[in-house]
Amino acid sequence: MTTATPAYKRILLKLSGEALMGDDAFGINRATIVRMVGEVVEITRMGVEVAVVIGGGNIFRGVAGGAEGMDRATADYMGMLATVMNALALADAMDKQGLTARVMSAISIEQVVEPYVRPKALQYLEEGKVVVFAAGTGNPFFTTDTAAALRGAEIGAELVLKATKVDGVYTADPHKDPTATRYATLSFDEAMVRNLGIMDATAFALCRDQKLPVKVFSIFKPGALKRVVMGLDEGTLVHA
Ligand SMILES: Nc1ncnc2c1ncn2[C@@H]1O[C@H](COP(=O)(O)OP(=O)(O)O)[C@@H](O)[C@H]1O
Ligand SMILES: O=c1ccn([C@@H]2O[C@H](COP(=O)(O)OP(=O)(O)O)[C@@H](O)[C@H]2O)c(=O)[nH]1
């Protein structure tokens, strides 16, 4: 039996914080994380090097805090710390399924996780370890989508995989406009000009300038992650 060959050697997987909730209203749903990690195990077994940027929206988003009158930068730091909590839960679930995960934080909290040091991250990936980037870019006023573009470019990922609550980029938010239709592919410029709100413009612009394609797909669709890694038609490809 011929074993199928992955289309990519090194990927950056952006996991929405909200995706960790499963059907819960907030927080971390263990069964959801266990299922997601099982899919990551499958692609690492094919020899794919995996780095993850984890979101924090299941716990806290700065924009919500800011909207309630908090200082936005303070609220954003809370959001970044939320991503560290998700990263610890994800790494724990990975260790339990035989993966060696290393959490690297953009914010220095060395008693909890090691700081992000690029050469060390590259070494871990070369060793077949899964690197989980926490605390986004480490700066307020950004998102983990931008962190995914940044870390993807820094590690030389061939593709950013945005695993989210929808199965691709649509002509409008499909949760609000039932007539919206899904793109199979589109350019970063098109996505920005049409103000398609799936990723922020900063993330799109960085990926465009670094010629780093993005595949948007549903984290809830079993097997979708493997199909993306195998280069099969899944979700929406956004390209330079
Ligand atoms: N043009 C669009 N195509 C697809 N989703 C869109 C679009 N515009 C807005 N969205 C919304 O963006 C959401 C995903 O963005 P976001 O919540 O920031 O992702 P994540 O939580 O994974 O970072 C989708 O759940 C969808 O409701
Ligand atoms: O570089 C970053 C990344 C994240 N955040 C904050 O952390 C929160 C959680 O990240 P995000 O909303 O991107 O998570 P996701 O949408 O993937 O759940 C954001 O809302 C911001 O408040 C930030 O300030 N800088």
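In each ligand, atom 1 is the first atom listed, and ligand 1 is the first ligand listed.
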S.K.: To the closest 0.5 Å, what do you measure between CG (Leu12) and CG (Leu161)?
M.R.: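 Rounded to the nearest 0.5 Å, the CG-CG separation comes to 8.0 Å.
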S.K.: Got the closest protein heavy atom to atom 12 (O) of ligand 2, with its distance?
M.R.: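 Here the nearest protein heavy atom works out to Arg61 NE, 2.9 Å.
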S.K.: Note the single closest protein heavy atom to atom 23 (C) of ligand 2, along with its residue, its atom name and the distance in Å.
M.R.: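 The protein heavy atom lying closest is Phe142 O, 3.2 Å.
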S.K.: For the residue pair Thr143 and Asp145, confirm or rule out a side-chain donor-acceptor distance under 3.5 Å.
M.R.: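 Checked: Thr143/Asp145 side chains show no N/O donor-acceptor pair below 3.5 Å.
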S.K.: Just go through Ala19, Gly56, Gly17 and tell me whose heavy atom is the nearest to atom 14 (O) of ligand 2.
M.R.: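 Closest candidate by heavy-atom distance is Gly56.
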S.K.: What residue and heavy atom of the protein are closest to atom 7 (O) of ligand 2, and at what distance?
M.R.: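 Looking at atom 7 (O) of ligand 2, the protein heavy atom closest to it is Gly79 C, 3.2 Å.
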S.K.: Which option, Asp76, Asn139, Thr137, owns the non-hydrogen atom nearest atom 25 (N) of ligand 2?
M.R.: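 It is Asn139 whose heavy atom sits nearest to atom 25 (N) of ligand 2.
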S.K.: Does a side-chain N-to-carboxylate-O contact under 4.0 Å join Lys120 and Glu114?
M.R.: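 Looking at Lys120 and Glu114, the cut-off is not met.
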S.K.: For the pair Glu18 and Arg61, find out whether any cationic side-chain nitrogen is under 4.0 Å from an anionic carboxylate oxygen.
M.R.: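 Salt bridge present between Glu18 and Arg61.
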S.K.: Are there over 12 heavy-atom neighbours, none belonging to Met104, within less than 6.0 Å of that residue's CE?
M.R.: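 Count over threshold, so yes.
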S.K.: Closest non-hydrogen protein atom to atom 3 (C) of ligand 2, residue and atom name please, with distance?
M.R.: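 Answer, as residue, atom name and distance: Thr143 C, 3.4 Å.
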S.K.: Which N/O atoms of ligand 1 sit under 3.5 Å from a protein N/O, and at what distances?
M.R.:
{"from": "ligand 1", "atom 1": "1 (N)", "to": "Tyr170", "atom 2": "O", "distance (Å)": "2.8"}
{"from": "ligand 1", "atom 1": "3 (N)", "to": "Tyr170", "atom 2": "N", "distance (Å)": "2.9"}
{"from": "ligand 1", "atom 1": "8 (N)", "to": "Gly197", "atom 2": "N", "distance (Å)": "3.4"}
{"from": "ligand 1", "atom 1": "17 (O)", "to": "Lys165", "atom 2": "NZ", "distance (Å)": "2.9"}
{"from": "ligand 1", "atom 1": "19 (O)", "to": "Lys162", "atom 2": "NZ", "distance (Å)": "3.2"}
{"from": "ligand 1", "atom 1": "19 (O)", "to": "Thr164", "atom 2": "OG1", "distance (Å)": "3.4"}
{"from": "ligand 1", "atom 1": "21 (O)", "to": "Ser16", "atom 2": "OG", "distance (Å)": "2.9"}
{"from": "ligand 1", "atom 1": "21 (O)", "to": "Arg61", "atom 2": "NH2", "distance (Å)": "3.1"}
{"from": "ligand 1", "atom 1": "21 (O)", "to": "Lys165", "atom 2": "NZ", "distance (Å)": "3.0"}
{"from": "ligand 1", "atom 1": "22 (O)", "to": "Ser16", "atom 2": "OG", "distance (Å)": "3.3"}
{"from": "ligand 1", "atom 1": "22 (O)", "to": "Lys162", "atom 2": "NZ", "distance (Å)": "3.4"}
{"from": "ligand 1", "atom 1": "22 (O)", "to": "Thr164", "atom 2": "OG1", "distance (Å)": "2.8"}
{"from": "ligand 1", "atom 1": "23 (O)", "to": "Lys14", "atom 2": "NZ", "distance (Å)": "3.0"}
{"from": "ligand 1", "atom 1": "23 (O)", "to": "Lys162", "atom 2": "NZ", "distance (Å)": "3.0"}
{"from": "ligand 1", "atom 1": "27 (O)", "to": "Asp173", "atom 2": "OD1", "distance (Å)": "2.9"}
{"from": "ligand 1", "atom 1": "27 (O)", "to": "Asp173", "atom 2": "OD2", "distance (Å)": "3.2"}
{"from": "ligand 1", "atom 1": "27 (O)", "to": "His175", "atom 2": "ND1", "distance (Å)": "2.9"}

S.K.: Quick one: does NZ or CZ of Arg35 land under 6.0 Å from the six-membered ring centre of Phe220, within 45 degrees of the ring axis?
M.R.: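 Cation-pi check for Arg35 and Phe220: fails.
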S.K.: Quick one: pull up CZ in Arg72 and CZ in Phe141 and give me the separation to the nearest 0.5 Å.
M.R.: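 The distance works out to 6.5 Å.
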S.K.: Tell me, please: is Ala82 in heavy-atom contact with ligand 2, that is, under 4.0 Å?
M.R.: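 Contact check Ala82 vs ligand 2: negative.
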S.K.: Is Ala147 in contact with ligand 2, taking contact as a heavy-atom separation below 4.0 Å?
M.R.: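 Outside the 4.0 Å threshold, so no.
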S.K.: Take Asp92 and Arg30, measure what salt bridge (Lys or Arg N to Asp or Glu O under 4.0 Å) needs, and give me the verdict at the end.
M.R.: CA-CA 11 Å; Asp92 178 72; Arg30 184 77 185 167; 3.3 Å; yes
S.K.: At under 4.0 Å between heavy atoms, which part of Lys14 makes contact with ligand 2: side chain, backbone, both or neither?
M.R.: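 The answer is the side chain.
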S.K.: I'd like to check whether Phe60 has a polar contact with ligand 2, where a contact means an N/O of the residue lying under 3.5 Å from an N/O of the ligand.
M.R.: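 In fact, backbone or side chain, Phe60 has no N or O that close.
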S.K.: Would you mind checking which non-hydrogen protein atom is closest to atom 13 (O) of ligand 2, with the distance to 0.1 Å?
M.R.: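 In this structure, atom 13 (O) of ligand 2 has Thr144 OG1, 2.5 Å as its nearest protein heavy atom.
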S.K.: Using only heavy-atom distances, determine whether the side chains of Lys14 and Thr144 contain a donor-acceptor pair under 3.5 Å.
M.R.: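 The criterion, which ignores hydrogens and geometry beyond distance, is satisfied for Thr144 and Lys14.
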S.K.: Any N/O of Gly136 closer than 3.5 Å to an N/O of ligand 2?
M.R.: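 In fact, backbone or side chain, Gly136 has no N or O that close.
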